[in-house]
Asker: 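I'd like to ask you about the structure that follows.
Only this structure's heavy atoms are used, side chains among them; waters, hydrogens and symmetry mates stay out.
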Amino acid sequence: MSERDERDSGGTPGRWRRPDASMSLLADLFEGRVADPGYAEAAARRRAAGTAPGAGRPRVLAALALLLVGLLLAVAGAQVRRGEPVAARQRARIVEEIHSRTGETDDLARRLDTLRGETARLRAAALAQSAAGRRADRDLAAAEAAAAARPAAGPALVVTLDDAPRAPDAEDADDDGRVYDQDLQILVNGLWAAGAGAVAINGLRLTPTTAIRTAGEAVLVDYRPLTGPYEVTALGPADRLRAAFTGSAADQRLAALRDRYGLRYGLRTEGTARLAAAAPSAPRYARPAGERE
């Protein structure tokens with residue numbers, strides 16, 4: 001019997017048998033054909049009906065991811081709410097400590113002024129007993145006045161500077177409406193240039209070496225925090241000081257800040273103002289005259 005007359009495995013006569021008939025399954029797999037067309041037809045029907053296996057898996061994964069994110073956000077929110085009262089208590093405690101320490105410093109400063117005045121009286125009485133002592137007292141008085149080491153009094157020009165008014169429902173203050181250290185620096189320099197003999201900010205006497213800086217939201221004058229409104233007092237002939245200061249570069253800058261950002265800025269004269277002596281600073285590099293290095 002010839003090969004043409006042979007029957008295939010299904011018993012159908014007259015059909016050629018492939019030489020690799022026994023390897024047809026592997027050949028179909030290598031060629032990318034599905035082993036059983038019925039599977040392909042069933043899968044097509046499920047896709048058409050929207051019930052294909054794995055069709056809902058992405059939605060399930062997305063839902064789980066959203067649930068996990070929501071859970072993490074809820075936990076984070078609970079932690080923040082739990083930490084807010086603790087942070088508020090700590091901040092209140094720090095603010096209270098600052099006020100307490102500032103009060104103690106002010107008391108010590110007043111005591112120092114009293115003792116300094118008593119020392120000055122005793123020294124003047126001792127120097128007044130001789131002509132050389134009286135000359136030394138006059139020289140010392142001039143040096144102390146230049147160094148702001150003695151109290152001063154007289155007519156004055158008072159400049160008030162404060163942050164812009166804040167709306168009651170505003171959550172955060174506008175930074176452009178705040179008074180910064182450079183604003184006070186420009187104001188003080190303008191008063192010196194106008195002829196002021198002594199200057200103080202909120203009663204704190206300024207010296208030739210006074211530093212005005214900003215730390216956070218506080219303005220530091222010689223490392224002491226000050227808050228607004230800032231009242232800058234300049235001793236000297238009040239009318240002459242006002243005339244010299246009005247229209248100066250400092251006056252123009254502060255007026256522009258008032259008009260643009262709402263800073264509160266005003267000038268007034270006083271017949272008599274008294275400024276306390278500045279805190280003495282210990283000389284670090286001084287040496288007796290004539291001493292060689």
Asker: Test of understanding: clusters of I, L, V, M, F, W, Y form through side-chain heavy atoms closer than 4.5 Å, transitively. Do Leu275 and Ile201 belong to the same one?
Answerer: no

Asker: Tell me if a side-chain donor or acceptor on Thr246 pairs with a main-chain N or O of Ala243 at a distance below 3.5 Å.
Answerer: no

Asker: Check whether any side-chain heavy atom of Val221 lies under 4.5 Å from a side-chain heavy atom of Leu206, and answer yes or no.
Answerer: yes

Asker: Could you please spell out the steps behind the side-chain contact (heavy atoms from CB on, under 4.5 Å) verdict for Tyr230 and Asn202?
Answerer: CA-CA 6 Å; Tyr230 303 97; Asn202 288 6; 4.2 Å; yes

Asker: So which heavy atom on Ala273 is nearest to which on Thr233, and how close?
Answerer: CB-CG2, 4.1 Å

Asker: When hydrophobic residues are tied together by side-chain contacts of less than 4.5 Å, even through go-betweens, does Leu267 share a cluster with Leu184?
Answerer: yes

Asker: Would you please test Asp106 and Arg224 for salt bridge (Lys or Arg N to Asp or Glu O under 4.0 Å) and show each step?
Answerer: CA-CA 10 Å; Asp106 293 340; Arg224 292 195 60 183; 2.3 Å; yes

Asker: Are Val219 and Tyr261 connected, step by step, through hydrophobic side chains (Ile, Leu, Val, Met, Phe, Trp, Tyr) whose heavy atoms are closer than 4.5 Å?
Answerer: yes

Asker: State which residues pass side chain to side chain contact (heavy atoms under 4.5 Å, CB included) with Arg253; sequence neighbours excluded, sorted by chain then number.
Answerer: Gln182, Asp183, Ile186, Leu257

Asker: Return the CD1 to CG distance between Ile212 and Leu226, rounded to the nearest 0.5 Å.
Answerer: 9.0 Å

Asker: Could you tell me if the side chain of Leu220 sits less than 4.5 Å from the side chain of Thr214, heavy atoms only?
Answerer: no

Asker: Between Leu254 and Leu161, is there a side-chain heavy-atom distance shorter than 4.5 Å?
Answerer: yes

Asker: Do you know the tightest heavy-atom contact between Ala277 and Pro151?
Answerer: CB-N, 3.7 Å

Asker: Decide yes or no on salt bridge (Lys or Arg N to Asp or Glu O under 4.0 Å) for Glu97 and Arg93, but give the supporting numbers first.
Answerer: CA-CA 6 Å; Glu97 182 71 15; Arg93 190 161 51 246; over 6 Å; no

Asker: With a 3.5 Å distance limit and no angle check, can you tell me whether Arg134 reaches the backbone of Ala128 through a side-chain donor-acceptor pair?
Answerer: yes

Asker: Using only atom types and a distance under 3.5 Å, with no angle test, would you say the side chain of Ser100 pairs donor to acceptor with the backbone of Glu96?
Answerer: no

Asker: To the nearest 0.5 Å, what is the distance between CG (Leu108) and CD (Glu104)?
Answerer: 7.5 Å

Asker: Check whether any side-chain N or O of Asp163 sits under 3.5 Å from a backbone N or O of Arg178 as a donor-acceptor pair, and report yes or no.
Answerer: no

Asker: Is there a path of hydrophobic side-chain contacts, each under 4.5 Å between heavy atoms of I/L/V/M/F/W/Y residues, joining Val158 to Leu263?
Answerer: no

Asker: Is any side-chain heavy atom of Arg213 less than 4.5 Å from a side-chain heavy atom of Gln185?
Answerer: yes

Asker: Compare every heavy atom of Asp251 with every heavy atom of Phe245, then report the nearest pair and how far apart it is.
Answerer: O-CB, 3.4 Å

Asker: If every non-hydrogen atom of Gly262 is compared with every non-hydrogen atom of Pro165, which pair is closest and at what distance?
Answerer: O-CD, 3.4 Å

Asker: Indicate yes or no for a side-chain donor-acceptor contact from Ser248 to the backbone of Ala244 under 3.5 Å, with no hydrogens or angles considered.
Answerer: no

Asker: Might you point out which heavy atoms bring Ala156 and Ala238 nearest each other, and give the distance in Å?
Answerer: O-CB, 3.6 Å

Asker: Is there a path of hydrophobic side-chain contacts, each under 4.5 Å between heavy atoms, that joins Leu235 and Leu187?
Answerer: no

Asker: How many angstroms lie between atom CG of Leu241 and atom OG1 of Thr269, to the nearest 0.5 angstrom?
Answerer: 10.5 Å

Asker: Can a donor-acceptor pair be found between the side chains of Thr102 and Thr105 at a distance below 3.5 Å?
Answerer: no

Asker: Before you tell me yes or no, could you show the steps for Asp162 and Tyr265 under side-chain contact (heavy atoms from CB on, under 4.5 Å), namely the whole-Å CA-CA distance, both residues' side-chain angles and the distance that decides it to 0.1 Å?
Answerer: CA-CA 7 Å; Asp162 197 7; Tyr265 169 54; over 6 Å; no

Asker: Please report the closest heavy-atom contact between Ala146 and Pro208, naming both atoms and the distance.
Answerer: O-CG, 3.7 Å

Asker: Measuring only between side-chain heavy atoms, which start at C-beta, is Leu115 closer than 4.5 Å to Arg111?
Answerer: yes

Asker: Name all pairs fulfilling the salt bridge (Lys or Arg N to Asp or Glu O under 4.0 Å) condition that reach into residues 142-160, sequence neighbours left out, sorted by first residue then second.
Answerer: Arg123-Glu144, Asp137-Arg150, Glu144-Arg150

